[in-house]
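As the structure is a computational prediction, the values presented were derived from the model and not from experiment.
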Amino acid sequence: MRGTDVRVVRLGPVFGPWELPSRVRDALSPHHQIIKMARDGVEVVLPRIMAGDWIYSRDAADGIARVSRSAGLRHELYNLGGGVMTDLPQWCAIVAGCFEGFRWRMADEDVGNIVYGLPKDRAALSIARLQQDTGFAPSRDLAAAARDYLDWIAAGDAQ
């Protein structure tokens with residue numbers, strides 16, 4: 001419609017609370033898969049490091065809310081990512097500190113047991129516009145996101 005103020009938020013790779021399997025989403029984030037395997041006592045075998053500008057779901061929600069509440073935005077498109085590159089070996093190291101006996105490794109000749117829809121890692125999204133126009137910044141680093149995510153799971157909110 002003419003005169004309608006429309007903004008587009010392009011999400012980077014998201015992980016965290018409220019990830020749920022569905023008919024259209026059979027593979028949850030690698031972060032979710034790793035925590036599930038840690039809880040189940042299964043060794044994680046990473047097919048590659050899977051680096052990305054992973055954004056925690058609570059931070060993603062904050063970024064979307066800021067765009068929807070902000071008046072006078074200067075752009076039609078805003079990228080929303082984690083702001084820094086992190087990878088799954090970093091995540092596994094954090095998870096290892098939370099689960100006694102958790103094992104993980106990189107795949108050698110064997111195939112990894114973590115599923116991710118992209119065949120290769122991609123570059124980070126620039127969140128500079130979002131930061132400038134809304135003041136957004138991710139509120140949690142990877143370790144803080146892991147603690148919050150594990151607390152959410154422990155509270156029984158996860159399936």
### CD1 on Ile94 to CZ on Arg147, rounded to 0.5 Å
8.5 Å
### Query
Can you tell me how far the CZ atom of Arg66 sits from the CG atom of Asp133, to the nearest 0.5 Å?
12.0 Å
### Query
Any donor and acceptor pair, going by atom type alone, linking the side chain of Asp40 with main-chain N or O of Val42 inside 3.5 Å?
no
Please set out all donor-acceptor pairs under 3.5 angstrom arising from side-chain atoms of residues 112-119, sequence neighbours excluded.
{"from": "Asn113", "atom 1": "OD1", "to": "Val45", "atom 2": "N", "distance (Å)": "2.7"}
{"from": "Asn113", "atom 1": "ND2", "to": "Glu43", "atom 2": "O", "distance (Å)": "2.8"}

### Verify same cluster id: Tyr56, Trp18 (apolar side-chain graph, 4.5 Å)
yes
### Task
Determine yes or no for a side-chain-to-main-chain donor-acceptor pair under 3.5 angstrom, with Asp87 supplying the side chain and Ile49 the backbone.
no
### Between Trp54 and Trp91, ring centroids under 6.0 Å
no
### Task
State yes or no: do Met37 and Met106 share one hydrophobic cluster built from I, L, V, M, F, W and Y residues joined by side-chain heavy-atom distances below 4.5 Å, directly or via other members?
yes
### Query
Between Glu19 and Ser29, do the side chains contain an N or O donor and an N or O acceptor separated by less than 3.5 Å?
yes
### Ile127 CD1 to Asn79 CG distance, which is reported to the nearest 0.5 Å
9.0 Å
#### Entry: Side-chain (Asp53) to main-chain (Gly83) donor-acceptor, under 3.5 angstrom
no
### Query
Given the rule in the side chain to side chain contact (heavy atoms under 4.5 Å, CB included) test, do Arg39 and Phe99 qualify, once you have shown the distances and angles that lead to the verdict?
CA-CA 7 Å; Arg39 292 175 73 197; Phe99 291 92; 3.5 Å; yes
### Flag, side chain of Arg7 to backbone of Leu73, donor-acceptor distance under 3.5 Å
yes
### Task
Establish, from distance only, whether the side-chain atoms of Tyr149 and His32 form a donor-acceptor pair under 3.5 Å.
yes
### Query
Given the rule in the side chain to side chain contact (heavy atoms under 4.5 Å, CB included) test, do Leu77 and Arg129 qualify, once you have shown the distances and angles that lead to the verdict?
CA-CA 9 Å; Leu77 173 67; Arg129 281 183 181 177; 4.1 Å; yes
### Query
Out of curiosity, Ser139 OG to Arg58 CZ, how far, rounded to the nearest 0.5 Å?
9.5 Å
### Query
Is a donor on one side and an acceptor on the other found under 3.5 Å between the side chain of Ser70 and the backbone of Val67?
no
### Task
Could you tell me whether the side chain of Leu88 reaches within less than 4.5 Å of the side chain of Arg48, counting heavy atoms only?
no
### Query
Linking I/L/V/M/F/W/Y whenever any side-chain heavy atoms sit under 4.5 Å apart, do Phe102 and Leu150 land together?
yes
### Query
Is any side-chain heavy atom of Glu76 closer than 4.5 Å to a side-chain heavy atom of Val6?
no
#### Entry: Verify same cluster id: Leu142, Phe136 (apolar side-chain graph, 4.5 Å)
no
### Query
Is Arg122 atom CZ crowded by more than 12 heavy atoms from other residues, nucleotides or ligands, each under 6.0 Å away?
yes
### Query
Can you find a pair of side-chain heavy atoms, one from Val44 and one from Leu46, that are under 4.5 Å apart?
yes
### Summary
What one should report as the nearest heavy-atom pair of Ala107 and Pro47 is CB-CA, 4.1 Å
### Query
Same cluster for Val84 and Met50 if Ile/Leu/Val/Met/Phe/Trp/Tyr side chains link at under 4.5 Å?
no
### Message
Quick check for you: to the nearest 0.5 Å, what is the distance between Ile55 atom CD1 and Leu80 atom CG?
### Response
4.0 Å
#### Entry: Heavy-atom pair with the smallest gap, counting every atom of Leu28 and Gln33
O-NE2, 2.6 Å
### Query
In Å, rounded to the nearest 0.5 Å, how long is the span from OG of Ser57 to CZ of Phe15?
7.5 Å
